[in-house]
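These notes concern the structure reproduced below.
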Protein chains: 2
Amino acid sequence: MSRASDRAFEAIRSMILSGELPAGAQVVEEALAEKCGVSRTPVRDALRRLESDLLVVRTDTQRSFVADWSLDDVADAFELRSILEAEAARRAADQMTDGALARIRAANRQIADAIMKPVPDVGGFLEGNREFHAVILEVAGSRRLASLLGTLIEQPVVWRTAHHYSREALYRSHSEHDELIAAFARRDGGWAKAIMTSHILRAYHAYAEAHGLTAEFQQAAE
Amino acid sequence: MSRASDRAFEAIRSMILSGELPAGAQVVEEALAEKCGVSRTPVRDALRRLESDLLVVRTDTQRSFVADWSLDDVADAFELRSILEAEAARRAADQMTDGALARIRAANRQIADAIMKPVPDVGGFLEGNREFHAVILEVAGSRRLASLLGTLIEQPVVWRTAHHYSREALYRSHSEHDELIAAFARRDGGWAKAIMTSHILRAYHAYAEAHGLTAEFQQAAE
DNA sequence: CCAGAGCTATTTGTATACATTATCCCCTCA
DNA sequence: TGAGGGGATAATGTATACAAATAGCTCTGG
């Protein structure tokens with residue numbers, strides 16, 4: 001991570017995820033280069049990567065803009081993610097090891113700790129959640145599947161609204177994870193796939209509900 | 001396509017697809033730059049794109065090599081492709097227009113013309129096939145889905161062995177397309193999805209069978 | 001007042017030189 | 001003789017200068 005292009009990638013990505021670079025804003029290589037303290041070369045590199053992650057889009061005329069995620073876009077991304085994560089869960093169940101299962105259980109324990117606190121620790125929840133899904137993907141053992149999902153899991157809108165999830169939504173997510181663990185323990189791929197599909201789609205609906213509440217908030221912030 | 005980086009991308013990609021750059025070979029920026037008549041900058045650009053298409057892989061130490069597709073890799077790619085193309089077919093059926101349907105029919109007519117010839121015109125078949133699936137993807141109307149499938153459809157091994165498909169396999173592919181057209185005409189998403197799934201998986205098995213026959217041939221050519 | 005052409009300013013594309021890093025080979029020393 | 005270190009080598013990472021292209025503006029002519 002000491003490479004300038006990696007630093008630029010992380011920096012720009014976090015600017016987009018945090019909303020510092022708002023959706024639709026033009027991204028200019030030289031301005032970002034100065035902001036990141038590097039030259040245009042690594043910034044170009046970073047922008048190409050962000051473009052393949054669909055966080056940045058380029059017009060036919062070679063200018064780049066922060067991707068504008070409509071509600072339909074988010075629905076689309078969640079739907080595709082549900083399909084691919086379900087496939088990952090199915091494969092993972094077939095090849096699950098005891099070691100990996102222990103790591104998955106530990107991740108869900110971290111989630112439990114985070115959401116049990118008087119004030120839910122959203123950061124801890126997100127971190128545990130990331131680990132939970134990452135281990136499943138790892139056990140699924142497909143470089144290609146991991147690469148495809150990679151472009152879907154980092155969604156600016158989701159990150160920005162994760163703090164608005166209700167406590168019940170967090171609890172429900174945790175208990176769905178428990179059910180997934182049970183399916184993995186039984187090496188039941190069909191069950192794991194079904195739970196994962198509904199798990200991701202439910203997360204979308206939680207997002208969509210929260211979004212209605214936060215839309216005016218987001219507008220006010222601009 | 002007049003951009004130097006686009007030319008470099010196409011040139012290197014075709015070197016890989018044709019086998020001129022064999023699997024596992026190290027790719028060196030400066031050598032390719034000289035070969036393409038451009039500087040290293042656009043070559044770097046092209047290599048990053050090829051890398052995100054999984055045609056080129058980089059070791060942890062930043063050196064790049066032509067991706068080596070094992071039989072398992074190919075099976076994996078086909079399986080994921082069957083899942084995503086099936087989803088595309090389902091969506092396309094729901095939103096099919098008469099104009100798009102006509103284009104799909106025309107593409108399959110081109111395929112019919114190509115395979116009816118005394119000596120099957122494999123190039124014409126591949127072109128018609130590409131158009132057939134491209135229109136479906138277009139009607140499905142998801143930038144994201146198109147982007148995900150983009151990394152799966154250009155497979156060096158498949159391109160190199162397409163010429164070994166049997167005439168029966170080509171006929172069968174054409175008639176499966178006809179069945180897909182019927183499903184689209186009825187706007188039956190479930191049917192279209194099921195046909196597409198088996199269509200892609202069957203293509204994989206045709207490839208796997210042909211692969212056994214052509215393995216020694218490929219070795220002899222090297 | 002509108003339309004269109006041309007100019008200017010801005011931004012990206014490309015080339016090249018230099019810096020950094022990793023590999024490989026050789027040489028030394030135990 | 002084998003292992004470990006150090007230097008040469010080769011490749012990539014980065015910076016910068018310059019070229020090309022595009023958008024937006026202004027100015028002119030109808």
Side-chain angles (χ1 to χ4, degrees), chain A residues 1-16 20-68 143 147 150-151, chain B residues 1-16 19-68 143 147 150-151 156:
Chain A
M1 240 276 265
S2 66
R3 295 277 184 310
S5 84
D6 291 336
R7 276 182 288 128
F9 175 79
E10 287 297 335
I12 299 169
R13 182 166 151 280
S14 91
M15 283 184 223
I16 294 175
E20 182 181 341
L21 279 175
Q26 184 177 358
V27 294
V28 177
E29 294 176 358
E30 189 157 350
L32 289 174
E34 192 172 0
K35 198 155 195 169
C36 299
V38 298
S39 82
R40 270 181 57 211
T41 310
V43 169
R44 283 177 68 78
D45 232 77
L47 286 183
R48 295 300 149 85
R49 280 197 264 169
L50 291 164
E51 186 191 346
S52 84
D53 286 353
L54 297 181
L55 259 60
V56 162
V57 294
R58 285 163 87 190
T59 64
D60 19 350
T61 161
Q62 310 295 57
R63 278 172 167 70
S64 299
F65 299 85
V66 177
D68 188 6
R143 220 175 54 226
S147 158
T151 74
Chain B
M1 239 278 265
S2 66
R3 297 276 184 308
S5 84
D6 291 336
R7 277 182 287 128
F9 176 78
E10 288 296 336
I12 299 169
R13 181 166 152 279
S14 90
M15 284 185 223
I16 294 175
E20 182 181 342
L21 280 175
Q26 182 175 0
V27 293
V28 177
E29 294 176 359
E30 189 156 349
L32 290 173
E34 192 172 358
K35 197 155 196 169
C36 299
V38 297
S39 82
R40 271 182 57 212
T41 311
V43 169
R44 282 176 68 78
D45 232 79
L47 286 183
R48 295 301 148 84
R49 280 198 264 168
L50 291 165
E51 187 190 347
S52 85
D53 286 354
L54 297 182
L55 258 61
V56 162
V57 295
R58 287 163 85 191
T59 63
D60 17 348
T61 162
Q62 312 295 53
R63 277 175 167 72
S64 300
F65 299 85
V66 176
D68 188 7
R143 221 175 53 225
S147 158
T151 74

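Chain A is the first sequence line, chain B the second, and so forth, proteins listed ahead of strands; every chain is numbered from 1.
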Phosphate oxygens OP1/OP2 of D/dT16: is one of them under 4.0 Å from a side-chain N or O of A/R44?
-> no
Whole Å only: how far is the CD atom of A/E51 from the C1' atom of C/dT12?
-> 13 Å
A/Q62: what forms a side-chain hydrogen bond (donor to acceptor under 3.5 Å, both in side chains) with it, not counting sequence neighbours?
-> none
Do any side-chain nitrogens or oxygens of A/R58 fall under 4.0 Å of OP1 or OP2 in C/dG13?
-> yes
Could you give the CZ-to-C1' distance, from B/F65 to C/dA22, as a whole number of Å?
-> 12 Å
A/E10/A/R7 ion pair, N-O < 4.0 Å | no
Going by an N to O cut-off under 4.0 Å, is there a salt bridge joining B/E51 and A/R48?
-> no
Which listed nucleotide (C/dT14, D/dA11, D/dT16) is nearest to the side chain of A/T41?
-> D/dT16
Report the distance from atom CG of A/D45 to atom C1' of D/dT14, rounded to the nearest whole Å.
-> 10 Å
Dump the pairs, protein N or O against N or O of nucleotides 23-25 of chain D, anything under 3.5 Å, distances to one decimal.
residue	atom	partner	partner atom	Å
D/dA23	OP1	A/T61	OG1	3.0

Got a sec, which residues hit salt bridge (Lys or Arg N to Asp or Glu O under 4.0 Å) with A/R143, two or more places apart in sequence or on another chain?
-> none
Residues in salt bridge (Lys or Arg N to Asp or Glu O under 4.0 Å) contact with B/R63, at least two apart in sequence or another chain = none
B/R48 CZ - C/dG13 P separation (whole Å) = 15 Å
Per B/Q26 side chain, nearest of listed nucleotides D/dG13, C/dG13, D/dA11 = D/dA11
Which part of the nucleic acid, if any, lies within contact of B/V43, taking any heavy atom under 4.0 Å across all strands shown: a base, the sugar-phosphate backbone alone, or nothing?
-> nothing
Heavy-atom closest contact (A/V43 atom, A/A33 atom, distance) | CG2-CA, 3.5 Å
Atom pair distance, as rounded to whole Å: CD in A/E29 and C1' in D/dA21 = 14 Å
Review item, side-chain donor-acceptor pairs of residues 21-32 of chain B, under 3.5 Å, at least two apart:
residue	atom	partner	partner atom	Å
B/E29	OE1	B/R40	NE	2.9
B/E29	OE1	B/R40	NH2	2.9
B/E29	OE2	B/R44	NH1	3.1

Is A/Q62 near enough to C/dG13 that one of its side-chain N or O atoms lies under 4.0 angstrom from OP1 or OP2?
-> yes
So, with a heavy-atom separation below 4.0 Å from DNA chain C, the residues of residues 30-40 of chain A are A/R40
So, B/R13 and B/D6, do they make that salt bridge, N to O below 4.0 Å?
-> no
Rounded off to whole Å, could you give me the CZ-to-C1' distance for the B/R3 and C/dA15 pair?
-> 16 Å
Starting at atom CZ of A/R7, determine the distance to atom P of D/dG13, rounded to an integer number of angstrom.
-> 14 Å
Is there a side-chain contact between B/L55 and B/I12 (heavy atoms, below 4.5 Å)?
-> no
